[in-house]
**Q** 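Here it is: the structure, laid out below.
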Amino acid sequence: MIVERTPRPRASRPAALAVAVTIVALFAGSGAPAQAADTPSWNDVQNARDNQAAAAELVARIEAELDAAQERSAASATAALDAARVAEDARRRADDAAQRSAALDAQVDAARAETEAQRARTGALASSMYRLQSDGPLVARLLTAADPDDLLDRLGLLETMGTAWAGRAAQVQGAAQVLAALDDQATAAHVAREDAAAAAERAATDARSAADAEAAAVTELTTQADTLYAQLATLKGTTADLERRYRLASQVAAQPANPAPASPSPGSPAPPAPPVPTPPAGGAVVVDPAGAREYARGAIGSYGWGQDQFECLVSLWNRESGWRADALNPSSGAYGIPQALPGGKMATAGADWRTNAATQINWGLSYISDRYGSPCGAWGHSQATGWY
């Protein structure tokens, strides 16, 4: 998990409902995304190039537009991530309910078979006791004796048989009661199973909708950012790539601190966070740890880092996330390959921060450079504290 060294004021995170409402508002009523009202045109850029004051004002407008785009990106992707978590929890509850229902059905079948077996054995005993014929019915023969002592013996035998019969009847009754209780539980489990399945389907639908809204936002905001960075480069006489890198570095340095772990355990870092499943449809995360590592191997060159630093980076992110773009720490909420907390901080690197490993790596490398100077510096801190 990433933790910054110096606390800074942090912005409050909007409630899930507010985020969902915001996303709906962003895309409602329009088939294709329109240009924001404050987004400069290329004519504005050309007209401001030779006027220092106008250029400075236009740069400020572009920066404000990029800030707004990042906020929308963080909101839409966070809503999709939260919806995916809800859907996964609902799916697990549905699976548990289905397993419990199936287990109870099996118990009911076993109890029904046992009850029938008990009844069959009782019927066989009754048949042997009351239908056994010789000189007469069994009870009549037992009670027919001239000798008093013999009669008493026969009465004792009859009492023993009566006790056995009562025991057999109690066994049948007990088996029937167990069957009835299990049958009631199985009926309740069937209802719970159907309710959980319906809830899971609703959650999956919501997750798909949130992911679709996020995908639309990524398309719009990526196009808008490309234009804005190109305009910045034109105004400043640089390149769009340089402007992206400069803005990312400056924003990472200014981002609020993550809370330190409540009980850090030096020398015993936590295992990698388990991944959260992606939404059932739309905006799915591409999980390719090998591909992510290769991208990072090439990306560290722009920081002047060599193979030794790459090995430290591999060790660090192996433990943090296993290089999975969908890795989510269920307790802290840290997300992605670098385990940003919250994940929305990675919106500074691109609108597709939830689904794109490269975007996550770009943010993570900038974070490491700003906080620790190098991957080996981050890895050393992580080994000593259990976090970075």
**Q** Are there over 12 heavy-atom neighbours, none belonging to Gln307, within less than 6.0 Å of that residue's CD?
**A** yes

**Q** Can a salt bridge be assigned to the pair Arg85 and Glu88 using a cut-off of 4.0 Å between side-chain N and carboxylate O?
**A** no

**Q** Starting from Val86, can I reach Val285 by hopping between I/L/V/M/F/W/Y residues whose side chains sit under 4.5 Å apart?
**A** no

**Q** Pick out which of Arg354, Arg72, Arg208 makes a salt bridge (charged side-chain N to carboxylate O under 4.0 Å, His left out) with Glu214.
**A** Arg354

**Q** Check whether any side-chain N or O of Ser250 sits under 3.5 Å from a backbone N or O of Tyr246 as a donor-acceptor pair, and report yes or no.
**A** yes

**Q** Strictly below 4.0 Å, N to O, side chains only: are Arg92 and Asp96 in salt-bridge contact?
**A** no

**Q** In Å, rounded to the nearest 0.5 Å, how long is the span from SG of Cys312 to CD1 of Ile300?
**A** 10.0 Å

**Q** When you measure from the side chain of His381 to the backbone N and O of Trp387, does any donor-acceptor pair fall under 3.5 Å?
**A** yes

**Q** Would you compute the distance between atom CG of Asp352 and atom CD of Gln360 and round it to the nearest 0.5 angstrom?
**A** 9.0 Å

**Q** Trp323 vs Phe310 aromatic rings, parallel, tilted or perpendicular, using cut-offs 30° and 60°?
**A** tilted

**Q** With side chains defined as the heavy atoms from C-beta onward, is the minimum distance between Gln339 and Asn329 less than 4.5 Å?
**A** yes

**Q** Can you find a heavy atom in the side chain of Thr239 that is under 4.5 Å from one in the side chain of Tyr229?
**A** no

**Q** Check whether any side-chain N or O of Thr187 sits under 3.5 Å from a backbone N or O of Asp183 as a donor-acceptor pair, and report yes or no.
**A** yes

**Q** Is there a donor-acceptor contact under 3.5 Å from the side chain of Ser315 to the main chain of Glu311?
**A** yes

**Q** Could you tell me whether the side chain of Leu66 reaches within less than 4.5 Å of the side chain of Leu232, counting heavy atoms only?
**A** yes

**Q** Find out whether Val252 and Arg371 are in side-chain contact, i.e. whether some heavy atom of one side chain is under 4.5 Å from a heavy atom of the other.
**A** yes

**Q** Hey, is CD on Glu57 packed in by over 12 heavy atoms from elsewhere, all under 6.0 Å?
**A** no

**Q** Sub-3.5 Å donor-acceptor pair from the side chain of Ser366 to the main-chain atoms of Trp363, do we have one?
**A** no

**Q** Taking the side chain as every heavy atom from C-beta outward, state whether Gln107 and Leu104 have any atom pair closer than 4.5 Å.
**A** yes

**Q** Of the non-hydrogen atoms in Asp206 and Ala83, which two are nearest, and what is the gap between them?
**A** O-CB, 4.3 Å

**Q** Distance check, rounded to the nearest 0.5 Å: Asp95 atom CG versus Arg93 atom CZ?
**A** 11.0 Å

**Q** Glu243 side chain to Leu228 main-chain N or O, any donor-acceptor pair under 3.5 Å?
**A** no

**Q** Atom CG in Leu221, atom CD in Glu71: separation rounded to 0.5 Å?
**A** 11.5 Å

**Q** Would the distance check show the side chain of Gln255 and the main-chain N or O of Lys345 forming a donor-acceptor pair, the cut-off being under 3.5 Å?
**A** yes

**Q** Could you label the plane-to-plane angle of the Tyr335 and Trp353 rings as parallel, tilted or perpendicular, counting under 30° as parallel and over 60° as perpendicular?
**A** perpendicular

**Q** Using only atom types and a distance under 3.5 Å, with no angle test, would you say the side chain of Thr222 pairs donor to acceptor with the backbone of Thr219?
**A** no

**Q** From Leu313 CG over to Asp308 CG, what is the distance, rounded to the nearest 0.5 angstrom?
**A** 11.5 Å

**Q** What I'd like to find out is whether the side chain of Ile368 reaches to under 4.5 Å of the side chain of Tyr303, using heavy atoms alone.
**A** no

**Q** Tell me if a side-chain donor or acceptor on Asp370 pairs with a main-chain N or O of Tyr367 at a distance below 3.5 Å.
**A** no

**Q** Would you mind checking if Asp67 and Arg247 are paired as a salt bridge, meaning a charged N to carboxylate O distance below 4.0 Å?
**A** yes

**Q** The test is side-chain hydrogen bond (donor to acceptor under 3.5 Å, both in side chains); show your working for Tyr295 and Asp288 and say whether it passes.
**A** CA-CA 11 Å; Tyr295 176 84; Asp288 180 12; over 6 Å; no

**Q** When you compare the side chain of Arg100 with that of Gln185, does any pair of heavy atoms fall below 4.5 Å?
**A** yes

**Q** Distance check, rounded to the nearest 0.5 Å: Trp305 atom CH2 versus Ser369 atom OG?
**A** 4.5 Å

**Q** Compare all side-chain heavy atoms of Ile62 with those of Leu235 and state whether any distance is below 4.5 angstrom.
**A** yes

**Q** Can you tell me if Thr115 uses its side chain to pair, donor with acceptor, with the backbone of Ala175 under 3.5 Å?
**A** yes

